[in-house]
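Step one of this worksheet: look at the structure below.
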Amino acid sequence: MMQARKIIVRGIVQGVGFRPFVYRLAKQYGLKGTVSNNAHGVEIEVEGDHVSMQSFIRSITHASPPLAFIDEIETKESSYKGYLDFAIQASNGSEDRFTLIAPDVAVCDDCLQELFDPADRRYRYPFINCTNCGPRFTIIQDIPYDRPNTTMSVFPMCTDCEREYNDPENRRFHAQPNACPVCGPSLTLCDSKQNKIQSDNILDRTAQLIKAGSIVALKGLGGYHLACDATNDEAVSKLRERKRRIEKPFAVMIPDRNWLERICTPTQEEISFIRSINHPIVLIRRKDNSPICSDVAPGNNYIGVMLPYPPLHHIVMREVAIPLVMTSGNISEEPIAYKDDEAFERLAAIADYFLVHNRDIHMRCDDSVGAVLNKRHTMLRRSRGYVPYPVKLNIHAQKNTLATGGHLKNTFCFIKNDFAFFSHHIGDLENYETLRSFTQGIEHFKNLFSITPEILAYDMHPEYLSTKYALESEIPVKIPVQHHHAHIVSCMAENDLNEAVIGVSFDGTGYGTDGNIWGGEFMITTMGDFKRIAHFEYFPLPGGEQAVKEPWRTGVALLNQVFGNEYKNVDIPFVRSIQTKSALAVIEKMIQQKLNTPVTSAAGRLFDGIAAICDVRASINYEAQAAIEFQMIANETVTGRYNYEIDTKSIPWRIKWNGIVRDILKDLQNNVPVSDISGKFHNTIAMIITDISEKIKKDTGLHDVVISGGVFQNALLVDKTVDYISKQGMKVYTHARVPPNDGGLSLGQAVVAMHKVL
Ligand code: ZN
Ligand code: ZN
Ligand code: FE
């Protein structure tokens, strides 16, 4: 008895070799019919006997291609048409276009094999790819994902490539970026004035230039990198100077896995993270005496390491055979350059040479950065290799939502159905270029996922450009979301938590509902609402932003709070050193008269101020530098703690940190090493979190603790917090797929807004 079925597969099923997979499967079971891409995913019409049909349907889920992500399979009865064969049909772009798109992924092992096989026709061809690997998100201009809608449309395939492309048995069947040296993109090497450098072997030549100490701008998947020899002090300091990046760590690309152990001490989890198909930069503890220049990540125990991911990197890395600094092609905080003209314009003063190619990048996409926190692969910057994979929500949105994110490390986020499309890293919305990247990104996502937002969520901070964008938008329903509420909900959403939790949000800054700067917050949190239960006692930030850049100001403010004018009699190196600062008198006046001096409860600022008091760092060159360096020097095995009090007379409770400052001063005067002080300070903060969580549990019965915010990028603090709280029989939820920092804010905003309109 012959049966006919119509099967619709939803998920990431386009551009990942799904149709040929279905084709081969149908052939294997002797079934007839068709498979095609449509606006919803992949549609299969299939005819055959019952038993084969059942095995076929089962195998669709169990044996799907590596990049595929099946969200749902719908099977319905269909009328028997008597197909004679099984065929793959062309895509049809139609009305409600909504399909998921795969991210750009690292070259697969099969392609890598061919890349270094002298007998292969793509031997050392830097644009080799197949349906299981290669560029996706960065080359798609429109949907459906077909070659004419990508930046590969300008390269007509040669007959060999075309044959592969049309052969369902071939690994390159419908591989949209398929190309070879005959028909595909090619490389050009130039100097910074765009003069071509003639060479028989451009890649060898590039490697020689890098080894000789040059800085080379390399066009990659999502933008330009600046590359130089990471073992050459002179080259690294030249790059720092030209890029105007004083001390912020650089990422390093290593030639192969064997290099990992030579430059750092990876754990098993870190190794599996760095080798995952997404190939992020992973922060791993660096080794002493490694060949990497200390200036690559000054004052940091960790180093950001990645493996080569596109074939071009593989060839270059094989040639140079040393680790390279691989940093975004930009000047300091601007977005990464990705168009050739602008790259030459913006990077000419930095790079000595340019290795470019003629496959256009349609969407810029920075490297992703991750770290193992609480034993989980945690994204700190979620971008290339992950975007635009959605985060699946356990609730179905009635209305499409857009959230505009925060100010620093901006991302935006769309919610449609039960998917959150959380954008690539946009950057700090502080200049025109980044703002343009933000607005263009939003338009691109709207088009790619056919989303017309009806609800708009944004941060409460009136001065954020993302807020101003939101207020000017024509989207009818606008919902402001408190910064720390958004942080906690972003973590709840990725952990599938729907009920009220004890939310702990620690970061450097966030606009509070009382107009003060929050950032050391304990909130009973639901998806749609929060109640502020406790926070660090407010302290002044003399000069606001200026205090963020100069933590010594915060140090003065903390001492002033504890000792009043007597603070200058405290005999520690910090107090001696600030006496010479001409701004000191002004700062004292600002604190006393509350001039341009907001107050804050931010844990990040407390870390800053304490780091300054301990003479670790007076002013910073990159975000959170003082707090990071204070963490880096910590003696992690020290067990002591400092005294604090929790004033529970009224809600919100206030965490009084005076005792901490007094105890630290005693330690400083007794010559306790700063590394021990840092260790004890971390213990104290973890204890405060545990203590307050327990108190809230006692009052409310809640026992799930959710921690989020930039301070929880601090691995030491996360591990201690999880350890202490777990011992009290409560469960701690941390981030993994969504960054704990402001890069994750947009997801939280979108989810909060969605619940507020329910
Ligand atoms: Zn491949
Ligand atoms: Zn070709
Ligand atoms: Fe934040």
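Order of appearance sets the numbers: ligands from 1, and atoms from 1 within every ligand.
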Is the Lys NZ or Arg CZ of Arg124 less than 6.0 Å from the centre of Phe116's six-membered ring, within 45° of the axis? no
Whether Thr131 side chain and Gly17 backbone form a donor-acceptor pair below 3.5 Å: no
Six-ring centre of Tyr309, Arg384 cation under 6.0 angstrom, axis tolerance 45°: yes
Opening angle at the Zn ion (ligand 2) [SG, Cys183; SG, Cys180; to 10 degrees]: 120°
Confirm or rule out an N/O/S atom of His487, from backbone or side chain, lying less than 2.8 Å from the Fe ion (ligand 3). yes
Would you give the angle at the Zn ion (ligand 1) between Cys111 atom SG and Cys133 atom SG, to the nearest 10°? 110°
What N/O/S atom of Asp742 gets nearest to the Fe ion (ligand 3)? OD1
So that I know where these two stand, are Tyr389 and Tyr386 an aromatic pair - ring centroids less than 6.0 Å apart? no
What N/O/S atom of Asp507 gets nearest to the Fe ion (ligand 3)? OD2
Specify whether Tyr464 and His483 have parallel, tilted or perpendicular ring planes, treating 30° as the upper limit for parallel and 60° as the lower limit for perpendicular. perpendicular
